[in-house]
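Reviewing the structure listed below.
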Amino acid sequence: MTKDIRVRFAPSPTGPLHIGGVRTALYNYLFARHNKGKMILRIEDTDQARFVPGAEEYIVEAFKWCGIEFDEGIENGGPFGPYRQSERKGIYLDYAAELVRKGHAYYAFDTPEALEKMRKELEEEGARYTSYNAHSRMRMKNSLSMPNDEVKRRLSAGEPYVIRIRIPEGEPIRFHDMIRKDVEVDPATLDDKVLYKSDGMPTYHLANVVDDHLMKITHVIRGEEWLPSLPLHVLLYRYLGWEDSMPEFAHLPLLLKPDGKGKLSKRDGDRLGFPVFPLQWTDPKSGEVSKGYREDGYFPDAFVNMLALLGWNPGTEQEIFSIEELISQFSIERVNRSGARFDPEKTKWFNHQYLVNKSDAEIANEFASIVASKGYQVPGTGFLEKVVNLVKERVNFVHEIWDQASFFFVAPETYDEKTVKKRWKENTGQLLKEVLEVITASDPFERDPIHDKVAAYLEEKEIGMGQVMIGMRICLVGSGTGPDLFTIMEMIGKEETVERMEKGIQKIG
RNA sequence: GCCCCGUUCGUCUAGCCAGGUCAGGACGCCAGGUUUUCAUCCUGGUAACAGGGGUUCGAAUCCCCUACGGGGUACCA
């Protein structure tokens with residue numbers, strides 16, 4: 001019997017969650033569900049300066065929209081709470097102190113100015129590494145470089161201090177990543193990172209390791225930006241005596257800009273006109289609004305499907321997956337190693353696929369509120385479903401149905417000039433009058449009989465369908481494009497058909 | 001600068017670990033067909049193993065170097 005799988009997503013509430021973060025959470029979720037494990041939501045709010053009001057609520061709401069559910073966390077609690085690091089503040093100092101006692105960490109009293117000065121000096125000396133490390137620590141003010149009683153005096157006087165890890169010299173640190181396989185790092189390239197800050201809060205590194213251990217996390221699935229600090233984390237597990245139960249790690253490739261260089265950022269969305277966030281976000285300070293996938297009309301399942309395929313695939317040619325299929329087919333081993341350039345176009349294609357595959361009833365239900373928002377009376381569901389069925393294959397979003405089908409609700413006020421100019425001939429008006437008579441004579445006033453009558457009439461007069469259809473279309477819908485015209489006639493009814501035709505013939509001439 | 005990770009069509013990627021297929025699929029784009037129009041749909045096309053060395057009968061696949069890309073290098077996460 002293997003131990004129960006437990007994974008976590010641990011965002012920092014410093015702003016809205018970007019789609020890269022959503023994907024990381026999604027992979028955690030898929031992995032947890034696939035292995036019948038638990039998924040935990042932990043908030044890493046150890047940096048009070050970067051705290052943004054509303055960010056945590058945003059994160060929770062975003063996951064609700066996506067359908068990513070948590071078994072434990074800030075929302076639903078659990079046996080390993082609290083799940084907000086600021087509320088766990090009291091537990092970290094003991095672990096840092098334990099490391100000091102064991103000789104793996106030390107107190108440091110350096111001011112920011114002193115640190116700056118050290119870096120400058122090291123740079124001028126042409127040192128290979130300019131960080132706080134084995135070569136520079138002895139020239140700084142810390143419990144390694146100062147006499148014991150001096151350290152005690154400063155501590156008892158309440159002087160501000162931090163606790164730094166003491167990076168060892170010697171043997172390479174070896175570790176394994178589920179995606180990147182075996183990695184080896186020379187400790188000389190590491191620095192004595194701060195573990196415990198002078199404000200009484202742990203840094204990410206300490207809090208992360210302590211909480212993952214305490215919460216019995218078995219697999220850490222996170223972004224690639226954390227790979228360089230993994231050796232530090234491995235050291236922490238080792239020094240805290242937890243190496244045997246250390247989680248397995250998987251570092252995910254990053255999402256890259258659709259064009260140019262670098263990782264995907266909020267600016268790219270603004271610049272290229274696509275959302276970078278799941279939900280719309282209003283910055284509480286600047287009031288600046290960023291687009292969201294939800295507000296832009298994406299279906300959550302299409303959005304999740306798209307994200308899942310950005311860096312992972314099951315090795316088959318399947319591209320459309322329900323969440324259940326994703327869960328059953330997902331595996332960390334099939335996650336890519338290289339960064340994925342984000343493609344907003346394919347994202348639209350995914351939405352189109354979902355739109356087409358959803359039932360007319362479901363789409364009609366959503367479309368009803370759009371009709372209402374335009375200020376028109378919402379017709380019966382039967383009519384709405386017919387409308388949806390006629391145009392849904394031509395659009396990517398539900399709101400685009402309006403652009404394709406507004407003529408079902410309101411007669412055209414204007415007629416597309418280009419089409420009129422190109423297709424409305426000298427005799428079109430007269431011809432349409434004749435055809436209209438044929439149309440009105442149709443009983444019942446339904447698609448097939450109307451069509452057959454018109455076809456027969458035109459054949460007799462030896463006139464091509466094309467000559468008449470465009471003119472009628474302009475009168476009925478205002479443009480030269482759209483779904484089957486005879487169906488439109490049946491749907492808007494005889495009276496409306498006649499009215500629009502006569503008005504069009506008169507106005508265009 | 002230094003450290004770590006990576007590199008297959010324009011983009012997402014399959015193939016790589018266990019060397020031998022015309023390097024496959026999807027998005028986009030282009031062309032043709034269907035259609036009363038447009039879209040859908042169908043058919044076809046476009047286009048890639050970063051470069052150089054090895055190893056081997058044979059390399060996208062294994063090894064090395066270079067180039068390029070990404071990340072990290074905070075009392076941020």
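In what follows, chains are A, B, ... by sequence order, proteins preceding strands, each numbered from 1.
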Listed nucleotide nearest any side-chain atom of [X], set [options]:
{"X": "A/T46", "options": "B/rC12, B/rG71, B/rA77", "answer": "B/rA77"}
{"X": "A/S12", "options": "B/rA77, B/rC75, B/rU37", "answer": "B/rA77"}
{"X": "A/L310", "options": "B/rC12, B/rA74, B/rC4", "answer": "B/rC12"}
{"X": "A/E393", "options": "B/rU40, B/rC27, B/rU37", "answer": "B/rU40"}
{"X": "A/K193", "options": "B/rU73, B/rC27, B/rC75", "answer": "B/rU73"}

Worksheet item: Should the pair A/E362-A/K358 be classified as a salt bridge under the 4.0 Å nitrogen-to-oxygen rule?
Response: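 Answer for the salt bridge query: yes.
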Fill in: Presence of salt bridge, A/D110 and A/K117, under 4.0 angstrom
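Looking at A/D110 together with A/K117, the answer is no, because their closest N to O distance does not fall below 4.0 Å.
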Discussion item. Can you tell me if A/N336 touches the phosphate of B/rU7, counting only side-chain N or O atoms and a distance under 4.0 Å to OP1 or OP2?
Written reply: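 It does not, given that no N or O in the side chain of A/N336 lies less than 4.0 Å from OP1 or OP2 of B/rU7.
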Discussion item. Does a side-chain N or O of A/K197 approach OP1 or OP2 of B/rC76 to a distance below 4.0 Å, or not?
Written reply: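 For B/rC76, OP1 or OP2 has a side-chain N or O of A/K197 closer than 4.0 Å.
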Practice prompt. Would you state whether a donor and an acceptor, one from the side chain of A/S198 and one from the base of B/rC75, lie under 3.5 Å apart?
Written response: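 Yes.
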Worksheet item: Under 3.5 Å, is there an N or O donor on one side and an acceptor on the other linking the side chain of A/R50 and the base of B/rC76?
Response: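 Result: at least one qualifying N/O pair found.
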Worksheet entry | Closest-nucleotide 5' rank along RNA chain B - winner of A/P258 and A/F486 |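 Checking each residue's closest nucleotide, the 5'-ward one belongs to A/P258.
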Worksheet item: In chain order, what residues pass the salt bridge (charged side-chain N to carboxylate O under 4.0 Å, His left out) check against A/R337, with sequence neighbours excluded?
Response: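 None.
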Discussion item. So, using salt bridge (charged side-chain N to carboxylate O under 4.0 Å, His left out) as the criterion, who are the partners of A/E184 when residues are at least two apart?
Written reply: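 Only A/R174 meet the salt bridge (charged side-chain N to carboxylate O under 4.0 Å, His left out) criterion with A/E184.
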Shorter than 3.5 Å, N or O on both sides, protein versus nucleotides 43-50 of chain B: list them out with atom names.
none

Worksheet item: For B/rC2, which nucleotide in any strand shown is its Watson-Crick or wobble partner with both distances under 3.5 Å?
Response: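 Base partner found: B/rG72.
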Fill in: Counterpart base for B/rC57, defined by Watson-Crick or G-U wobble contacts under 3.5 Å
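Here B/rC57 is engaged in a pair, and the nucleotide opposite it is B/rG20.
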Practice prompt. For the pair A/S229 (side chain) and A/L232 (backbone), establish whether a donor and an acceptor sit closer than 3.5 Å, ignoring hydrogens and angles.
Written response: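 Here the side-chain-to-backbone pair does not exist.
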Practice prompt. Under 4.0 Å from any atom of RNA chain B, heavy atoms only: list the residues of residues 122-132 of chain A that qualify, in numerical order.
Written response: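 Residues of residues 122-132 of chain A that come under 4.0 Å of RNA chain B are, in numerical order, A/R128, A/Y129.
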Discussion item. Which residues in residues 399-406 of chain A have a heavy atom closer than 4.0 Å to any atom of RNA chain B?
Written reply: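 Hits under 4.0 Å, by residue number: none.
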Practice prompt. Not counting sequence neighbours, which residues clear ring pair (Phe, Tyr, Trp, His ring centres under 6.0 Å) with A/W349? List them please.
Written response: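 Scan of A/W349 (ring pair (Phe, Tyr, Trp, His ring centres under 6.0 Å), adjacent residues dropped) gives none.
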Worksheet item: Under the ring pair (Phe, Tyr, Trp, His ring centres under 6.0 Å) test, which residues partner A/F350, sequence neighbours left out?
Response: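 Testing A/F350 for ring pair (Phe, Tyr, Trp, His ring centres under 6.0 Å), a comparison that skips the adjacent residues, returns none.
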Worksheet item: Of all residues at least two apart in sequence or in a different chain, which pass the side-chain hydrogen bond (donor to acceptor under 3.5 Å, both in side chains) check with A/H219?
Response: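 Expected list: none.
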Worksheet item: Which nucleotides of nucleotides 15-24 of chain B have their base under 4.0 Å from a protein heavy atom (B), which only their sugar-phosphate (S), and which neither (-), written as one string 5' to 3'?
Response: S--------S
Which donor-acceptor pairs under 3.5 Å do side chains of residues 157-164 of chain A form with protein atoms, sequence neighbours excluded?
| residue | atom | partner | partner atom | Å |
| --- | --- | --- | --- | --- |
| A/E159 | OE1 | A/R154 | NH1 | 3.0 |
| A/R164 | NH1 | A/D192 | O | 2.7 |

Pairwise N/O distances under 3.5 Å, protein to nucleotides 59-69 of chain B:
| residue | atom | partner | partner atom | Å |
| --- | --- | --- | --- | --- |
| B/rG69 | OP1 | A/K261 | NZ | 2.6 |

Run the side-chain donor-acceptor check on residues 250-258 of chain A: report pairs under 3.5 Å with partners two or more places apart or on a different chain.
| residue | atom | partner | partner atom | Å |
| --- | --- | --- | --- | --- |
| A/H251 | ND1 | A/D177 | OD2 | 2.6 |
| A/H251 | NE2 | A/R222 | NH1 | 3.0 |
| A/K257 | NZ | A/D268 | OD1 | 3.0 |
| A/K257 | NZ | A/D268 | OD2 | 3.1 |

Worksheet item: Looking at A/Y92 versus A/Y196, is the centre-to-centre ring distance below 6.0 Å?
Response: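 So the answer is no for these two rings.
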